[in-house]
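I have placed the structure first, in the form of structure tokens, so that the comments after it can refer back to it.
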Amino acid sequence: MVQARKWIYAHEFEDQPRTSNLQLVTENISDTLQDEEVLCEAVFLSVDPYMRLFKVAVGDVMQGEQVARVTASKSDSFAVGTMVLAKLGWRTHTIVSDTSILEQLPPLGELSASLALGAVGMPGMTAYFGVEDILKPVEGETVLVNAAAGAVGSVVGQIAKIKGCKVIGYAGTKEKCDWLKNELGFDAVFNYKETTVSDSIKEAAPEGVDCYFDNVGGEFSSTVLFNMKQGGRVAVCGQIAAYRYDGKPQTGPLVYGQMLAPNKRPSLLCSRPSGVWADAGTQ
Ligand SMILES: NC(=O)c1ccc[n+]([C@@H]2O[C@H](COP(=O)([O-])OP(=O)(O)OC[C@H]3O[C@@H](n4cnc5c(N)ncnc54)[C@H](OP(=O)(O)O)[C@@H]3O)[C@@H](O)[C@H]2O)c1
């Protein structure tokens with residue numbers, strides 16, 4: 001037997017997610033494996049903004065990707081010690097019968113395997129394809145990104161710098177702003193809690209913005225959209241300012257929710273209190 005732990009989504013979010021929404025449960029799972037099965041032990045769990053939006057049912061294990069180590073195996077494809085990436089949720093141990101859901105990590109040398117959940121995982125790919133396929137910035141252009149110290153935004157800014165762009169970033173603490181400016185080399189960084197978006201754009205990009213990578217939405221986006229250059233491009237990646245359960249109507253570009261999750265929106269609306277997204281798109 002293996003003593004395992006898992007986080008259950010125990011109570012519906014009411015405003016922002018809190019620890020009290022979750023419950024840590026201990027369970028004993030058998031370590032006797034059937035042919036082709038493997039036992040995975042979590043090394044890193046991911047916490048991502050989408051978990052607020054695309055919620056699991058109350059009582060289910062919290063969803064999410066994890067980096068795990070195979071600790072017992074009856075599979076020829078996954079030897080004991082293999083590091084894998086898989087959507088196993090917030091649990092310490094998982095018996096996996098269908099090993100096609102496991103993605104073997106390449107040797108990472110000195111690098112932390114946690115990168116598979118960040119810069120070289122889903123958030124990094126989101127940044128890469130949002131910049132390369134949607135924004136297509138060229139040298140000398142101005143790229144603006146919010147939630148810039150996050151998993152996605154920090155990669156967006158670094159790719160844009162590699163391409164020779166002027167990068168403007170926004171974050172919510174001094175430590176994050178210092179990191180973006182001093183470590184990642186952003187050209188201008190603002191704490192959006194201490195300055196208005198409008199004033200900061202006037203200061204850092206008086207000529208306007210060529211590329212806007214939007215992780216936040218809301219009033220932030222409305223302001224940036226009025227400061228785009230002719231021919232500017234917008235990547236609608238996320239709307240974290242709207243991932244709330246307080247019943248307050250969304251502010252900012254109302255169409256963005258539809259652009260972000262076009263086909264899933266009706267079911268999202270059913271699973272959340274009204275007013276979290278504005279109703280404009282469903283009428
Ligand atoms: N389209 C896709 O496929 C896709 C994939 C991945 C992520 N996303 C989206 O991309 C965005 C960033 O994801 P991530 O993984 O980088 O998140 P993350 O690493 O968890 O960072 C999120 C950061 O957003 C900032 N934030 C939270 N609420 C805010 C608000 N009301 N106004 C302004 N900033 C706020 C906070 O930073 P501060 O301390 O700086 O405020 C927070 O730490 C999210 O909207 C997410 O849903 C989309």
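Whatever order the structure lists them in is the order used to number ligands and atoms, beginning at 1.
Closest to atom 40 (O) of ligand 1 among all protein heavy atoms lies G172 N, 2.7 Å. Annotation: atom 32 (N) of ligand 1 to nearest protein heavy atom, V216 CG1, 3.6 Å. Ranking protein heavy atoms by distance to atom 48 (C) of ligand 1, first place goes to C237 O, 3.1 Å. For atom 22 (C) of ligand 1, the nearest non-hydrogen atom of the protein is I240 CD1, 3.9 Å. The protein heavy atom nearest to atom 4 (C) of ligand 1 is T126 CG2, 3.6 Å. In this structure, atom 23 (C) of ligand 1 lies nearest to the protein heavy atom A147 CB, 4.0 Å. Of all protein heavy atoms, the one closest to atom 6 (C) of ligand 1 is M122 SD, 3.5 Å. Protein heavy atom nearest atom 17 (O) of ligand 1, with residue, atom name and distance: P49 CG, 3.3 Å.
Within ligand 1, the atoms closer than 4.0 Å to a non-hydrogen atom of Q239 are 45 (O), numbered from 1 in the order shown. Atoms of ligand 1 lying under 4.0 Å from at least one heavy atom of G238, given by number and element, are 9 (C), 45 (O). Taking every heavy atom of A241 and a limit of under 4.0 angstrom, the matching atoms of ligand 1 come to 31 (N). Heavy-atom contacts of A171 reach the following atoms of ligand 1: 40 (O) (cutoff under 4.0 Å). Those atoms of ligand 1 with a heavy atom of A151 less than 4.0 angstrom away are 15 (O), 16 (O), 19 (O). Within ligand 1, counting atoms from 1 as listed, the ones closer than 4.0 Å to a heavy atom of Y243 are 45 (O), 46 (C), 47 (O). Every atom of ligand 1 with a heavy atom of G150 under 4.0 Å away is listed here by number and element: 16 (O), 19 (O), 21 (O).
In the displayed structure, E103 atom CD is contacted under 6.0 Å by at most 12 heavy atoms of other residues, nucleotides or ligands.
Ion pairing between E12 and K55 holds under the 4.0 Å rule for side-chain N and carboxylate O. Contact check on R244 versus E14 returns no salt bridge, with no Lys/Arg side-chain nitrogen under 4.0 Å from an Asp/Glu carboxylate oxygen.
Checked against a 3.5 angstrom limit, the closest N/O atoms of K176 and ligand 1 fall inside it. An N or O contact shorter than 3.5 Å is missing between G153 and ligand 1 by distance.
Counted by atom type alone, T82 and Q104 present zero donor-acceptor pairs between their side chains at under 3.5 Å. Residues S200 and Y170 have side chains that bring a donor and an acceptor to within less than 3.5 angstrom of each other.
A donor-acceptor pair under 3.5 Å is absent between the side-chain atoms of S73 and the main chain of V38, judged by distance alone. T173 places a side-chain N or O within donor-acceptor distance of the main-chain N or O of K176, the cut-off being under 3.5 Å. Put simply, the side chain of N182 gets close to the backbone of D178: a donor and an acceptor are under 3.5 Å apart.
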Exercise. Step by step, would you call D214 with Q239 a side-chain hydrogen bond (donor to acceptor under 3.5 Å, both in side chains)?
Worked result: CA-CA 7 Å; D214 184 19; Q239 302 286 281; 3.2 Å; yes
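Contact between Y170 and ligand 1 is absent, with no heavy atom of the residue lying under 4.0 Å from the ligand. T173 does not count as a contact of ligand 1, since none of its heavy atoms falls under 4.0 Å from the ligand. Note on ligand 1: P123 sits outside its first shell, no heavy atom being nearer than 4.0 Å.
Between Y50 and Y243, the distance separating the two ring centers is not shorter than 6.0 angstrom.
Partners of D187 by salt bridge (Lys or Arg N to Asp or Glu O under 4.0 Å), not counting sequence neighbours, listed by chain and number: K161.
The nearest pair of heavy atoms linking L117 to E65 is CD2-CB, 3.7 Å.
Contacts between N215 and ligand 1 below 4.0 angstrom, taking non-hydrogen atoms only, involve backbone and side chain alike. At a heavy-atom distance under 4.0 Å, only side-chain atoms of Y192, from C-beta outward, approach ligand 1.
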Can you give the donor-acceptor pairs under 3.5 Å from side chains of residues 120-138 to other protein atoms, not counting sequence neighbours?
{"residue": "T126", "atom": "OG1", "partner": "M122", "partner atom": "O", "Å": "2.8"}
{"residue": "E132", "atom": "OE2", "partner": "K163", "partner atom": "NZ", "Å": "3.3"}
{"residue": "K136", "atom": "NZ", "partner": "D133", "partner atom": "O", "Å": "2.8"}

